[in-house]
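Side chains are part of it too, since the values below use all heavy atoms of this structure and drop only hydrogens, waters and symmetry mates. In what follows, every chain begins at residue 1, and chains take the letters A, B, ... in the order their sequences are listed.
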Amino acid sequence: MATISLRTRDGELHQFDGRNGMSIMENIRNAGFDELLAMCGGCLSCATCHIYFESVPPGADLPTPSVDERELLEGSDYRQDNSRLSCQIPFEQSLDGIVVAIAPED
Amino acid sequence: MTQDVFAGTFDCIIVGAGHGGSQTAVALRQSGFEGSIALLGAEPEVPYDRPSLSKEYLAGKKTFERMHLRPQDFWSSRNVELVLGTRVVAVDPVAKTVTLENGACYSYRSLVWAAGGEPRKLSCPGSELSGIFYIRSKADCDALLAVLPDASKVAIIGGGYVGLEAAAVFRELGKHVVLVEALNRVLARVAGEPISRFYEREHRDHGVDIRLNSDVKVISGRDGRASGVLLESRESLQADIVVVGIGIVPSAAPLLAAGAQGSNGVNVDAYCRTSLPDIYCVGDCAILTNGPGIRVESVQNATDQATTAAKAICGNFKAYDALPWFWSNQYDLKLQTIGLNCGYDAVVVRGEPASRSFSLVYLKNEAVIALDCVNAPRDYVQGRKLVETAAKLGSVQLADTSKQLKELTLETN
């Protein structure tokens, strides 16, 4: 079982088991965290599932963001170099131990 | 007649378990609301993502479990009581009670009406036949999916978003699709003509037979089942099933009957308060009287109004001022809308529709009020600023794709 560490907006770090094949957004939601609105349901039409990658396990590769994802992130006041839309990252075994943080709400 | 049976008291009762209702419950808890909460839903399912119904769910690309807005056990973990599969039929704003169709009666301190709407039904002869489907609930979709494999010809009535999204799915599944629209263009109520013409061309290129200016006279049938559509023009269209997407009717009758101000929806102020004490309304039913004065049917609207109402219930009055946005996915086309185009008096086409990436900018009194962006997320993102600032830009500037919209914003500052 691979784990995800999540920093919620209050700064607390939480660890939970991720489900492979589901997006990181779905994993966060399914673990019961309610800070991600993910309003479009994960179809890359908004930017309300914005997260930061604080740490990626050695050797793991995140999928390159699509043009659409980059443009949507561009619209956030809180975009950083490690910003991603969590609906666009499928969780998999190689991401075991990943640390992500929920970005502030735009 | 069932006898009303007192079934309990909740500090907050939320009527409707869609996006608006569920977000109300979530936002109440996030705001520190410690009272009891009941979330009442007409459908038997836990809250789910409705827009996926006419897209991925219909296409068989997304399981229902992945459409749950929150996991099953979330609601009990937040101490939200789900009362599902039942409708509220009456509200007593003096006794502060709601009554369900089974006669159960609950009392509330605060009530949030988030009941959404029901699909507008056909009223022509033949409307009662089997084989006529709507796409609003999971049950609607499941009924349609049960017969879809055996249907080769589908007639869609209504050229709005739901009808067009369904047409795209049916074409991808290899069905013959004819789409009947009463007005002279698709998306006539929601988009400008260049968007309508673009989508008509796309759907025709994908093999959809689009009939504009076509009123339905009769749904013809055989052995109690729909077998086609007879148009006012006397033309007869064969179909194995008929799918109807002609808008929704807000589910506001019990609240209006209780005396809430409004018609075709419920009037609310900037905090989503109705004219009745301690009763709020959010989502598809709500008409912001200090806003455009229309109902807005969208996930964003329901979600953000729910947050506004939940905060107000907790004593944190923050006026609703979210900028509306919408999306629609058809084939490989991603339409994103920012702002409301009501009352627009001019449009500017930005980019070449034939390139399948362009935007339509809506102006009112020369100021930008909304954009429809087709495969143009950059315009969607950057156009937000133009809408927020009601930027006054010339049509030549707006149409100039050699410059990004944010560069135009800088010029106006």
Portion of B:Lys62 that has a non-hydrogen atom of chain A nearer than 4.5 angstrom |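 The answer is the side chain of B:Lys62.
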
Write down the atom of A:Gly32, the atom of B:Arg78, and the distance for their closest heavy-atom approach.
->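 The pair with the smallest heavy-atom distance is O-NH2, 2.7 Å.
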
Highest number of heavy-atom pairs under 4.5 Å with chain A: which of B:Glu56, B:Gln30, B:Arg384, B:Gln300?
->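 Ranked by contacts with chain A, first place is B:Gln30.
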
Is it the backbone or the side chain of B:Thr303 that comes under 4.5 Å from a heavy atom of chain A, or both, or neither?
->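 Answer is side chain: those atoms of B:Thr303 sit under 4.5 Å from chain A.
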
Quick one: what part of B:Gln72 sits under 4.5 Å from any heavy atom of chain A, side chain, backbone, both or neither?
->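 B:Gln72 has no heavy atom closer than 4.5 Å to chain A.
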
Non-hydrogen atoms of A:Met39 and B:Trp327 that approach each other most closely |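 Shortest heavy-atom contact: O-CH2, 3.7 Å.
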
Taking all heavy atoms of A:Leu44 and all of B:Lys334, pick out the closest pair and write down the distance.
->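 Heavy-atom minimum between the residues: O-NZ, 3.1 Å.
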
Residue A:Ile28 versus chain B: region with a heavy atom under 4.5 Å =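 Nothing of A:Ile28, per the 4.5 Å heavy-atom cut-off to chain B.
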
Side chain, backbone, both or neither of B:Gln336 within contact of chain A (heavy atoms, under 4.5 Å) |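 Side chain only.
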
Which portion of B:Leu69 sits near chain A, non-hydrogen atoms under 4.5 angstrom =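 Interface part for B:Leu69: backbone (N, CA, C, O).
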
Part of B:Phe326 within contact of chain A (heavy atom distance under 4.5 Å) =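 It is neither, since no heavy atom gets under 4.5 Å.
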
A:Asp34 and B:Arg29: CA distance, side-chain angles, deciding distance, salt bridge (Lys or Arg N to Asp or Glu O under 4.0 Å) verdict | CA-CA 10 Å; A:Asp34 58 20; B:Arg29 291 296 183 226; over 6 Å; no

What residue, out of B:Ala27, B:Pro377, B:Ala376, has the most heavy-atom pairs lying under 4.5 Å from chain A?
->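 Counting heavy-atom pairs under 4.5 Å, the top option is B:Pro377.
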
Which atoms of B:Asp304 come close to chain A, meaning under 4.5 Å heavy atom to heavy atom: side chain ones, backbone ones, both, or neither?
->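 The side chain, not the backbone.
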
Spatial distance of atom CZ (A:Arg29) from atom NE2 (B:His68) [nearest 0.5 Å] =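 It comes to 9.0 Å.
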
Check whether any side-chain heavy atom of A:Cys43 lies under 4.5 Å from a side-chain heavy atom of B:Lys55, and answer yes or no.
->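 Side chain of A:Cys43 against side chain of B:Lys55, heavy atoms only: no contact under 4.5 Å found.
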
Taking 4.0 angstrom as the limit, do B:Glu65 and A:Arg19 come out as a salt bridge?
->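 Yes.
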
Using a cut-off of under 4.5 Å for heavy-atom pairs, which of A:Cys46, A:Ser45, A:Gly75 has the most such pairs with chain B?
->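 Heavy-atom pairs under 4.5 Å are most numerous for A:Ser45.
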
Test item: B:Arg378 side-chain N/O and A:Val67 main-chain N/O as donor-acceptor pair under 3.5 Å |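 Side chain of B:Arg378 to backbone of A:Val67, a donor-acceptor pair under 3.5 Å: no, none is there.
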
